[in-house]
Novice: 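Questions regarding the structure given below will be posed in turn.
Residue numbers start from 1 in every chain, and the chains themselves are labelled A, B, ... in the order their sequence lines are given, proteins ahead of strands.
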Number of protein chains: 2
Amino acid sequence: MRAAITLFARKGFDATPVREIADAAGVTTGALYHYFATKEDLLVEVYRQMQGGQRLRMEAIADSDLPLREKLHAIISDVVESTIADLDEAVVFFQSFHLLSPRVREMVRGERRGYHDRVKALIEEGQREGTFRSDVPATLAVSYHFGAVHRLGLWYHPDGPLSAEEVARHFADLTLSSLTP
Amino acid sequence: MRAAITLFARKGFDATPVREIADAAGVTTGALYHYFATKEDLLVEVYRQMQGGQRLRMEAIADSDLPLREKLHAIISDVVESTIADLDEAVVFFQSFHLLSPRVREMVRGERRGYHDRVKALIEEGQREGTFRSDVPATLAVSYHFGAVHRLGLWYHPDGPLSAEEVARHFADLTLSSLTP
DNA sequence: CCCGACATACCGAACGCTCGGTATGGTCGG
DNA sequence: CCGACCATACCGAGCGTTCGGTATGTCGGG
C-alpha cells in the first residue's frame, strides 16, 4: 500500500504496472489481487484515507467557538500541514483524479463539494458580520485559496528552506489578509 | 490538432488512442504520423504554444513603466483571461505534465521557472520600496497565487455565472490585497 | 504539349509489446 | 483435510508505431 502510493506519486497511476507495485511491496500479483479486486481499488483507498481525516478535522474546527478569522486560519493551517505530512498521497490525490471511474469520481467530487460549501458558509458568515470583505464572491475566494493549497504537492520539497509550519502560517496569513475588508 | 487538444482535455493524454484523434480530425493514423513523429509531439506542441505567448505578454507588462501594483494586476489578469480563453489547452497543460519525457519536461520546467523568477523579482522590488509586505517570502507568495491560477482549469466553467473578466479582476484583487502591507 | 522521373501526401493493415486480470495448483495453520 | 492465502503461468485486448504501397502533383527535356 505504501509502496503503491510512492510509485503512483513518482510515476503516475497509469504508468505504474501492477507487477511493479507487487515487487516494491515484496509480494506477487497473485497476493495483491487477493486483497484488491482491481488496480483502481488501490487508488480508491488513497482517496478514502485523505478525505475522511481532512473533512473531520475541518468540521471540528468549523463547529468550534473560535472567532471566524481564527477558524479560517486553523483550517488552512491544518490542510497545509496534513498535505505536507503525506505529500505522496496529496500528489496522487490531485494528479490521478481524472483516471477514476465515473462512479468513484462523482463520490470524490461530492465529498469535495461538501468541504468547499462548508468553508464557503464560513466566509459568507464573515461577510455578513463585516469580518471579511464582501466585494468578492465567497465561492470564488474558496476556489482561489484552496486552489493554491492544492498545488502545494507539486512544488513543495521537504528538504527545502521552508518548514511545514512556516508554509502553513504564511498561507493562512495570505488568505486572511486577502479577505480583510 | 484542435481535435487532439479537446480529447486530451476530456479524457487525458494516456487514455486517448491515436486512432481516436485521427478519427476526430477526419484523417487517418498514417496522415497523422506523416506530420508528427510521435504521439508525444502533439503534446509538446500544446506546451510550446501556451508558454510562448504567456511569457511574452508577461515580460511586456513587467518591462513597461506601470506602477508595480498595476503591473502585478495586469499579469494576473492576463494569465487568468488567457487560461479561460483556451481552457482545454490549460487543462492539458497542467494535467499531462508528468507524462512528458524527461527531456521535454525539463525544458518546460525551466521555462516555467523563468516565469516564476521574473514575477518573484517584481514582488521583491515592491517589498524593497514598501509597496508590498515583507513578512512573507516572495517565492512563496508567487507559488501561492499562481497555484490558485493554475487550478482554474479544473473548476471554471464558461457557462457559469462568472465571466472571464470578473474572475480575472477578483483574482488580481485577492492577490494584491494579500500583499498589501 | 507530352511524357517519364521524381517528390510529397496519405492510407490502413499488421507488428510487437505491455498491461490488467485470471485460472490453477501448491502450502500451511487449525 | 479443508479453507485462507499466495505463487506461477498465462490470456486476450489494446496500444503506439511501422511500412509497403498508392494517388496526386511538379517539372524539365524533347
Novice: Write out a two-atom table: protein N or O, nucleotide N or O from nucleotides 7-10 of chain D, distance below 3.5 Å.
Specialist:
| unit_1 | atom_1 | unit_2 | atom_2 | d |
| --- | --- | --- | --- | --- |
| D/dA7 | OP2 | A/T28 | N | 3.2 |
| D/dA7 | OP2 | A/T28 | OG1 | 2.3 |
| D/dA7 | O5' | A/T28 | OG1 | 3.4 |
| D/dC10 | N4 | A/R19 | NH2 | 3.2 |

Novice: Whole Å only: how far is the NZ atom of B/K39 from the C1' atom of D/dT18?
Specialist: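 In whole Å, D/dT18 C1' and B/K39 NZ are 17 Å from each other.
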
Novice: In whole angstroms, how far is the P atom of D/dG16 from the CD atom of B/E40?
Specialist: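 Roughly 13 Å, once rounded to whole Å.
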
Novice: Measure from CD1 on A/I21 to C1' on C/dG21 and round the result to the nearest Å.
Specialist: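 Computing the A/I21:CD1 to C/dG21:C1' distance gives 13 Å.
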
Novice: To the nearest Å, give me how far apart OH (B/Y33) and P (C/dA14) are.
Specialist: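 Between P of C/dA14 and OH of B/Y33: 19 Å.
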
Novice: Should A/R118 and A/D63 count as an ion pair when the cut-off is N to O under 4.0 Å?
Specialist: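 Salt bridge between A/R118 and A/D63, a charged N being under 4.0 Å from a carboxylate O: yes.
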
Novice: For residues A/T131 and A/E129, is any side-chain donor paired with an opposing acceptor at under 3.5 Å?
Specialist: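 Present: a donor and an acceptor within the cut-off.
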
Novice: So, OP1 or OP2 of D/dC6: does either fall under 4.0 Å of a side-chain N or O from A/H34?
Specialist: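 So the side chain of A/H34 is outside the cut-off, no N or O lying under 4.0 Å from OP1 or OP2 of D/dC6.
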
Novice: For a quick check under 3.5 Å, do B/T83 and B/H150 share a side-chain donor-acceptor pair by atom type?
Specialist: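 B/T83 vs B/H150: no donor-acceptor pair found between side chains.
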
Novice: Can you measure B/D41 atom CG to D/dG16 atom P for me and round it to whole angstrom units?
Specialist: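 Whole-Å distance recorded here is 14 Å.
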
Novice: Compute whether any side-chain donor of one residue and acceptor of the other, for A/T175 and A/Y144, lie under 3.5 angstrom apart.
Specialist: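 No pair is found: no donor N or O on one side chain lies under 3.5 Å from an acceptor on the other.
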
Novice: Side-chain contact test, heavy atoms from C-beta onward, threshold under 4.5 Å: evaluate it for B/F94 versus B/R151 and give yes or no.
Specialist: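 No, their side chains stay 4.5 Å or more apart.
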
Novice: Is A/Y35 close enough to D/dC6 that one of its side-chain N or O atoms is under 4.0 Å from OP1 or OP2 there?
Specialist: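 Looking at the OP1 and OP2 atoms of D/dC6, one of them is under 4.0 Å from a side-chain N or O of A/Y35.
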
Novice: Less than 4.0 angstrom from a charged side-chain N to a carboxylate O is my criterion; do A/R169 and A/E81 meet it?
Specialist: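 Between A/E81 and A/R169 there is no salt bridge, as every charged N stays at least 4.0 Å from the carboxylate O atoms.
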
Novice: For A/D14 and C/dT18, give me the distance from atom CG to atom P, rounded to whole Å.
Specialist: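 It works out to 17 Å between those atoms.
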
